[in-house]
Amino acid sequence: MLDITRIRQDPDIVKAALAGRAEDPGVIDRILAVDAQWRGILTQLEELRAERNRVSKEIGRMKDAAQREARAAEMRAVRDRISELENQVRQVEEEREALLLTVPNTPHPSAPVGPDEEHNVVVRVWGEELPNYDFEAIPHWDLGPELGIIDFERGVKLAGSRFYVLAGAGARLQRALIAWMLDVHVREHSYTEVYLPFVVKEEILLGAGQLPKFADNLYHDVEDDLWLVPTAEVPLTNLHRDEILDAAALPLRYVAYTACFRREKMSAGRDVRGIKRGHQFDKVEMYQFALPEASYDTLEEMLEHALTICRRLAIPYRVKELCTGDLGFGAAKSYDVELWAPGCGEWLEVSSVSNCEDFQGRRANVRYRPEPGARPQFVHTLNGSGLALPRVVAAILENYQQADGSVVVPAVLRPWMGGIEVIG
RNA sequence: GGAGGGAUGGCCGAGUGGACGAAGGCGGCGGUCUUGAAAACCGCUGUGACCAAGUGUCACCGGGGGUUCGAAUCCCUCUCCCUCCGCCA
């Protein structure tokens, strides 16, 4: 959520920033109009409340019953007027809040400007020598079933399209990746591992920015009004909801494994083959609560943490800086990390690392106190996949395949694979 | 799921209709004293909002609603926590 004070003070700057996202800047004018209305009503309301408080105290001190009743009668009218104004204020406030919740974050000035993903900028490429096979690399959706480690038919039987079953060494490989990534981030990158609920309340989705705009893409349990998490970022953002953190303790670093659930309504018909885009997938997520002055250093650092994983898997990757039109709703600046998959001939997005600045901190009310006695400020939050599992599995299968159809297990994973060196 | 008991400031804990944004204690910060520290004593110590920006006003005692001139206090409701029973990985 954007700061209403900032919108009041610099509406044109905010509008210009949103224009870069191909977002309708007219919403800012509507917010300003409702805000002005809200302030007008609030001023009247508070004046009346001040009068009521003053006179009520007088009444409490009065001895004469008739005089007392006369004043009380006057105050009954004031009370009714207050009640009317309270309803109006609440209504206008809700309207303002509802509008504010739909406005995306303003991009950082360093984000490349452009309307869509065509304008993202590749900033780094690693692994110049793409694998040069003396056989034709086949895609994971053929390789997996042949090895008996990915079962699409039975996934569909159980849960419908976009679900699959991992079996044997395939399931083991995914579990090994999760355990290994968590260990690397905990031991080498100083994150604290947390295990989180996979379902959350509506207000938690609002805090992270998935609601109210993206309800279509979420699974919702109507009976208990709980939502399946689309990413661990959602509960992590709210982990310190309504808290004032100790500035000396920042940054706080968390890493969590969760399953992620997405209805993929917006991507219907896209990426239907393979395990690239399913309704359920596993992910190891990095998250940091940072001081505002440090958050852009933190962003670079988190990107490195994700790239460390890629490099140790020895799979070629590239890093893209997202342009203003392709940034996620809450992000001010993002990098995407993609692994090369020679079988399907695609770069697979395995990580997105973002600085949301104080956008989520304000929505989830996570603050810190800069100095003892100083006013609390909103923290900056950063999230980054470290990494998203199915696509890493796909990339491993396609990069490590051999002419006989078997797949070599990457050296770093063997201790987590019970020493298995080859699948097949 | 059934029965009962709770929810007050960073923490503990008073407060059953009017001078209560809230006693007291602990913790924290500052000071006096001290070579230094401790002890003792003194002072300060929640969050947010609005504007006419002031020794200003308003709101907040789990959430929401109600009664009243006036609610931490009375009523309704929801959530969460605790105890006992049932069920269960």
Side-chain angles (χ1 to χ4, degrees), chain A residues 1-9 11 31-101 195-207 211 221-227 235 238-250 252 259 289 358 360-379:
Chain A
M1 191 155 66
L2 300 183
D3 181 5
I4 183 68
T5 309
R6 179 178 162 219
I7 295 176
R8 276 181 208 144
Q9 283 168 355
I31 287 169
L32 284 171
V34 175
D35 181 56
Q37 202 186 344
W38 174 78
R39 283 146 75 200
I41 300 168
L42 187 69
T43 303
Q44 286 180 59
L45 172 62
E46 292 194 345
E47 277 168 9
L48 282 179
R49 285 210 277 228
E51 186 190 350
R52 179 199 61 192
N53 292 348
R54 200 184 63 242
V55 176
S56 288
K57 280 179 190 171
E58 278 174 29
I59 291 173
R61 284 191 297 261
M62 285 178 177
K63 298 284 186 281
D64 183 89
Q67 206 182 3
R68 214 180 150 101
E69 172 51 30
R71 290 299 262 163
E74 278 174 47
M75 282 307 103
R76 273 191 279 272
V78 173
R79 173 248 270 152
D80 292 343
R81 180 65 182 144
I82 285 173
S83 171
E84 269 172 48
L85 289 172
E86 279 173 346
N87 286 335
Q88 286 180 36
V89 157
R90 192 180 314 132
Q91 197 185 319
V92 173
E93 211 163 42
E94 279 167 12
E95 199 180 329
R96 187 185 69 174
E97 190 73 1
L99 286 170
L100 274 170
L101 285 173
Y195 173 77
L196 302 160
F198 290 10
V199 293
V200 293
K201 298 185 268 187
E202 175 177 310
E203 70 210 61
I204 302 305
L205 271 319
L206 280 168
L211 287 178
D221 162 47
V222 183
E223 274 191 294
D224 292 316
D225 197 18
L226 288 170
W227 303 69
N238 291 273
L239 196 60
H240 294 292
R241 169 175 266 267
D242 297 326
E243 291 181 31
I244 299 173
L245 305 172
D246 175 12
L250 296 176
L252 291 176
F289 297 90
D358 66 3
Q360 292 177 324
R362 182 173 291 104
R363 286 170 91 108
N365 192 31
V366 187
R367 296 174 292 173
Y368 73 100
R369 204 182 295 280
E371 304 288 336
R375 279 189 59 168
Q377 306 286 316
F378 293 113
V379 295

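Chain letters run A, B, ... following the sequence lines, proteins first and then strands; every chain starts at 1.
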* Determine which nucleotide pairs with B/C29, using a 3.5 Å limit on both distances of a Watson-Crick or G-U wobble pair. => B/G43

* Say whether, by atom type as modelled, one donor and one acceptor occur between the side chain of A/Thr43 and the main chain of A/Arg39 under 3.5 angstrom. => yes

* For B/U77 versus B/G4, give the span between their P atoms, rounded off to a whole number of Å. => 13 Å

* Atom pair distance, as rounded to whole Å: CD1 in A/Ile4 and P in B/G48 -> 17 Å

* Asked: Which nucleotide, B/G48, B/C51, B/A49, lies nearest any side-chain atom of A/Arg367?
  -> B/G48

* Consider the side chain of A/Leu42, meaning its heavy atoms from C-beta on, and name the nucleotide among B/C50, B/C58, B/U47 that approaches it most closely. => B/C50

* Contact list for RNA chain B against residues 62-75 of chain A - heavy-atom distance below 4.0 Å -> A/Arg68, A/Ala72, A/Met75

* To do: Could you work out which one of B/G18, B/A52, B/C50 sits closest to the side chain of A/Glu47?
  => B/A52

* To do: Would you kindly give the CZ-to-C1' distance between A/Arg54 and B/G56, to the nearest whole Å?
  => 14 Å

* **Watson-Crick or G-U wobble mate for B/U67, both contacts under 3.5 Å** => none

* If you pin A/Asp35 and A/Lys57 to their nearest nucleotides in RNA chain B, which one's is more 5'? -> A/Lys57

* Measure the CD-CG distance between A/Glu46 and A/Asn53 for me, rounded to the nearest 0.5 Å. => 10.5 Å

* Structure fact -> Closest heavy-atom pair, A/Leu2 versus A/Leu100, reported as atoms and distance to 0.1 Å, is O-CD2, 4.1 Å

* Pick base, sugar-phosphate or nothing for A/Arg369, based on heavy-atom distances below 4.0 Å to the nucleic acid. => sugar-phosphate

* Could you please name the partner base of B/A19, counting Watson-Crick and G-U wobble pairs only when both distances are under 3.5 Å? => none

* Looking across every strand, which nucleic acid part, if any, lies under 4.0 Å from A/Arg61 by heavy atom: base, sugar-phosphate, or nothing? -> base

* Structure fact -> Answer for the Watson-Crick or wobble partner of B/U35, both distances under 3.5 Å, is none

* With a 3.5 angstrom cut-off on both distances, give the Watson-Crick or G-U wobble partner of B/U83, or none if there isn't one. => B/A3

* Separation of the C1' atoms in B/C80 and B/C69, to the nearest angstrom -> 35 Å

* Structure fact -> What one should report as the nearest heavy-atom pair of A/Tyr368 and A/Phe378 is CE2-O, 3.7 Å

Please write out the pairs of protein N or O atoms and N or O atoms of nucleotides 65-68 of chain B separated by less than 3.5 Å, giving the distance to one decimal.
none

* Would you mind reading off the distance between A/Glu46 atom CD and B/G48 atom C1', rounded to a whole angstrom? => 11 Å

* To do: Specify the separation, in whole Å, of atom CG of A/Leu85 and atom C1' of B/U57.
  => 16 Å

* Flag side-chain contact, heavy atom, 4.5 Å: A/His240 against A/Leu252 -> yes

* Side chains of A/Val89 and A/Trp38: closer than 4.5 Å at any heavy-atom pair? -> yes

* Considering only B/G48, B/A59, B/C50, which nucleotide approaches the side chain of A/Pro376 most closely? -> B/G48

* Length of the CG-C1' vector between A/Asn365 and B/C60, whole Å -> 13 Å

* Dump the intermediate steps for side-chain contact (heavy atoms from CB on, under 4.5 Å) on A/Asp35 and A/Arg8, then the final yes or no. => CA-CA 9 Å; A/Asp35 181 56; A/Arg8 276 181 208 144; 2.6 Å; yes

* If you look at every strand shown and take non-hydrogen atoms under 4.0 Å, does A/Arg362 touch a base, only sugar-phosphate, or nothing? -> nothing

* Structure fact -> Whole-Å distance, A/Arg8 CZ to B/C51 C1', equals 11 Å

* To do: Ignoring backbone atoms, test whether A/Asn53 places a side-chain nitrogen or oxygen under 4.0 Å from the OP1 or OP2 oxygen of B/C58.
  => yes

* Structure fact -> RNA chain B nearest-nucleotide lookup for A/Thr5 and A/Lys201: closer to the 5′ end is A/Thr5

* Where do A/Arg367 and A/Val379 land on the side-chain contact (heavy atoms from CB on, under 4.5 Å) test, with the steps shown first? -> CA-CA 5 Å; A/Arg367 296 174 292 173; A/Val379 295; 5.8 Å; no

* To do: Step by step, work out the salt bridge (charged side-chain N to carboxylate O under 4.0 Å, His left out) result for A/Asp80 and A/Arg76.
  => CA-CA 6 Å; A/Asp80 292 343; A/Arg76 273 191 279 272; over 6 Å; no

* **Nearest-angstrom distance from the residue atom CD of A/Gln44 to C1' of B/C51** => 13 Å

* To do: Assign A/Ile59 to base, sugar-phosphate, or nothing according to its heavy-atom contacts below 4.0 angstrom with the strands shown.
  => base

* A/Trp38 CH2 - B/C51 C1' separation (whole Å) -> 11 Å

* To do: Go through A/Glu93 and A/Arg90 one step at a time and tell me if the salt bridge (charged side-chain N to carboxylate O under 4.0 Å, His left out) criterion holds.
  => CA-CA 5 Å; A/Glu93 211 163 42; A/Arg90 192 180 314 132; over 6 Å; no

* Structure fact -> Winner on side-chain proximity to A/Arg39, out of B/C58, B/C69, B/C51, is B/C51

* For atom CD of A/Gln91, decide whether the heavy atoms of other residues, nucleotides or ligands shown that lie under 6.0 angstrom number more than 12. => no

* Using purine N1 to pyrimidine N3 plus N6-O4 or O6-N4 for Watson-Crick, or N1-O2 and O6-N3 for G-U wobble, both under 3.5 Å, which nucleotide pairs with B/C50? -> B/G56

